[in-house]
There are 2 protein chains.
Amino acid sequence: MTERKRIRKSPAVRRDEIRGAARAIALEQGLSAVTQRAVAERVGIVPGLVTHYVDRMELLVAEIFREIAREELEQVRGEVAGAGGDVDRVLVLLRELIGDYRRDVALVWVDGWSLSRRNDDLAAVLTEEARAWEEFVAAVLADGHRAEALHAPDALALARFVVGATDGLSAQAAVWAGYEAETLGTVVRTVAGLLRIPREELTLRGY
Amino acid sequence: MTERKRIRKSPAVRRDEIRGAARAIALEQGLSAVTQRAVAERVGIVPGLVTHYVDRMELLVAEIFREIAREELEQVRGEVAGAGGDVDRVLVLLRELIGDYRRDVALVWVDGWSLSRRNDDLAAVLTEEARAWEEFVAAVLADGHRAEALHAPDALALARFVVGATDGLSAQAAVWAGYEAETLGTVVRTVAGLLRIPREELTLRGY
DNA sequence: CGACTTATTGATCGTTCGGTCAATAACTAC
DNA sequence: GTAGTTATTGACCGAACGATCAATAAGTCG
């Protein structure tokens, strides 16, 4: 019925199609749904062709995870860079992490944590990306500290706390969504207090 | 070689053996390793016998998760109940959640989050147990608030924050262990600040 | 001791997974 | 137009999953 002529494409294009399909599946149905057959069907090719372009499926999953994590980090990085002062940068960061968090991406992180026990490639990528996040947040905090807009003597330790806490909170929100809004305020106030950001800075911004 | 006489046991005993094996596997190798065959081999029976006692495997996984989560909650509940004052109860709670957290249990929670997308029974249990945790933490905070030992006007919102944050932090620690100790101090100080517990209360306890 | 209940086995089914390979046909280049 | 390169197919493996069911034997009870 739906038998059509086989279309021959350049390896580069095919590779992109496969990675694109894998990425979409990961975001829509989770990392563990990224299977040879699922990717093949989405691209409209035969399963065997996927492995022809992908050494091992485990590796593809790991690379797709990296792609998604990097994308998110760069997006937040952009938002934060666009913010005005040092305090604003921190507040924008928190809003991005909690308020405007992306449910699909949060679920991919959860999958990553769970799968990394059996997928070594994924485990390696996971720690890399987590480190990248920590360093980014630490840099934002350190900048604010240098500018004396906030108090963050040990920026890295604080960053780890912020990243860990927000990860957990977005994971929660992702699974039983419902109270992101009320949580955002609590998180912002908490971290702001930790950073000794003056209370009036928050109130005049509506937190 | 290892063929031995078949041993016939009472349904109750067999059921316990199966649940025990499933629990051990979940803690040692993760929730997704709780399979018909793995459980059967561990008990020393044939795979078919497992399903004979267990309706559906998905349900067994969900029930095992509940067992593990409840166990942990009750253990922490006990520790907290044994603590002296209201402030101490909160500090003990945090120590249990972050410092003395159980790596295997934290990983089971991560697995649960990830698997619950495809296992509805598990998803239901997961939300139940998460609610139980929230309510427990909220109760501890509310008690402290009533006793005027700390400031927690909206105990449930705060509890959700604490649970979410500690979940994320223990998940992190579970995967790339290494900085639990330094994290504990940060978390304790953060939450203590949020609860407006006087600083001297912490210093004289060594935080 | 013999009969009955049922816990237990062993065999089997259908599905999905990752991975391999010869055969084929679509483009390219001469 | 024709030959050659190779992207693509289709047909396979073996392994692991959940699940079902008749046949069997262990323990119990009269």
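Lettering of chains follows the sequences in order, A, B, ..., and the numbering in each one begins at 1. Note that the structure is a prediction, hence the values are computed from the model and not measured.
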Which comes earlier along DNA chain D counting from the 5' end, the contact point of Lys9(A) or that of Ala38(B), where each point is its nearest nucleotide?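 Result of the comparison: Lys9(A).
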
For residues 31-54 of chain B, which residue pairs pass the salt bridge (Lys or Arg N to Asp or Glu O under 4.0 Å) check, not counting sequence neighbours?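 Only Glu28(B)-Arg42(B) qualify under salt bridge (Lys or Arg N to Asp or Glu O under 4.0 Å).
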
Compute whether any side-chain donor of one residue and acceptor of the other, for Thr186(A) and Arg160(B), lie under 3.5 angstrom apart.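 Thr186(A) vs Arg160(B): no donor-acceptor pair found between side chains.
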
Can you list everything that forms a salt bridge (charged side-chain N to carboxylate O under 4.0 Å, His left out) with [X]? Sequence neighbours excluded, please.
| X | answer |
| --- | --- |
| Asp16(A) | none |
| Asp167(A) | none |
| Asp100(B) | Arg95(B) |
| Arg70(B) | Glu129(B) |

Pairs under 3.5 Å (N/O, protein and nucleotides 26-30 of chain C):
{"unit_1": "dA26(C)", "atom_1": "N3", "unit_2": "Arg8(A)", "atom_2": "NH1", "d": "2.5"}

Pull out every protein N or O sitting under 3.5 Å from an N or O of nucleotides 18-22 of chain D, one pair per line with the distance.
{"unit_1": "dG18(D)", "atom_1": "OP2", "unit_2": "Thr35(B)", "atom_2": "OG1", "d": "3.3"}
{"unit_1": "dG18(D)", "atom_1": "OP2", "unit_2": "Gln36(B)", "atom_2": "N", "d": "3.0"}
{"unit_1": "dG18(D)", "atom_1": "N7", "unit_2": "Arg37(B)", "atom_2": "NH1", "d": "2.9"}
{"unit_1": "dG18(D)", "atom_1": "O6", "unit_2": "Arg37(B)", "atom_2": "NH2", "d": "3.1"}
{"unit_1": "dA19(D)", "atom_1": "OP2", "unit_2": "Met57(B)", "atom_2": "N", "d": "3.1"}
{"unit_1": "dA19(D)", "atom_1": "N7", "unit_2": "Gln36(B)", "atom_2": "OE1", "d": "3.4"}
{"unit_1": "dA19(D)", "atom_1": "N7", "unit_2": "Gln36(B)", "atom_2": "NE2", "d": "3.1"}

Enumerate the residues from residues 117-125 of chain B whose closest heavy atom to DNA chain C is under 4.0 Å, giving them by residue number; use none for an empty result.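 Listed by number, there are none.
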
Applying ring pair (Phe, Tyr, Trp, His ring centres under 6.0 Å), name anything that partners Phe161(B), two or more places apart in sequence or on another chain.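 Ring pair (Phe, Tyr, Trp, His ring centres under 6.0 Å) check on Phe161(B) returns nothing, list empty.
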
Figure out the CD/C1' separation between Glu41(B) and dA15(D), and round it to whole Å.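 My rounded result for the distance is 14 Å.
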
Whole-Å distance between dA11(C) C1' and Ile45(B) CD1?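 Interatomic distance, CD1 of Ile45(B) to C1' of dA11(C): 17 Å.
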
N/O donor-acceptor pairs under 3.5 Å from side chains in residues 46-64 of chain A, not counting sequence neighbours:
{"unit_1": "Thr51(A)", "atom_1": "OG1", "unit_2": "Gly48(A)", "atom_2": "O", "d": "2.9"}
{"unit_1": "Arg56(A)", "atom_1": "NH2", "unit_2": "Asp121(A)", "atom_2": "OD2", "d": "2.3"}
{"unit_1": "Glu63(A)", "atom_1": "OE1", "unit_2": "Arg19(A)", "atom_2": "NH1", "d": "2.9"}

Residues two or more places apart in sequence or in another chain: which of them pass side chain to side chain donor-acceptor pair (under 3.5 Å) with Glu135(B)?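 By the side chain to side chain donor-acceptor pair (under 3.5 Å) rule, Glu135(B) matches no residue at all.
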
Taking side-chain contact (heavy atoms from CB on, under 4.5 Å) as the test, write out the residues that go with Ala33(B), two or more places apart.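 So Ala33(B) forms a side-chain contact (heavy atoms from CB on, under 4.5 Å) with Ile25(B), Gln29(B).
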
If only side-chain N and O atoms of Tyr53(B) are considered, is one of them under 4.0 Å from the OP1 or OP2 phosphate oxygen of dT8(C)?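 Answer yes for this pair, as a side-chain N or O of Tyr53(B) is under 4.0 Å from OP1 or OP2.
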
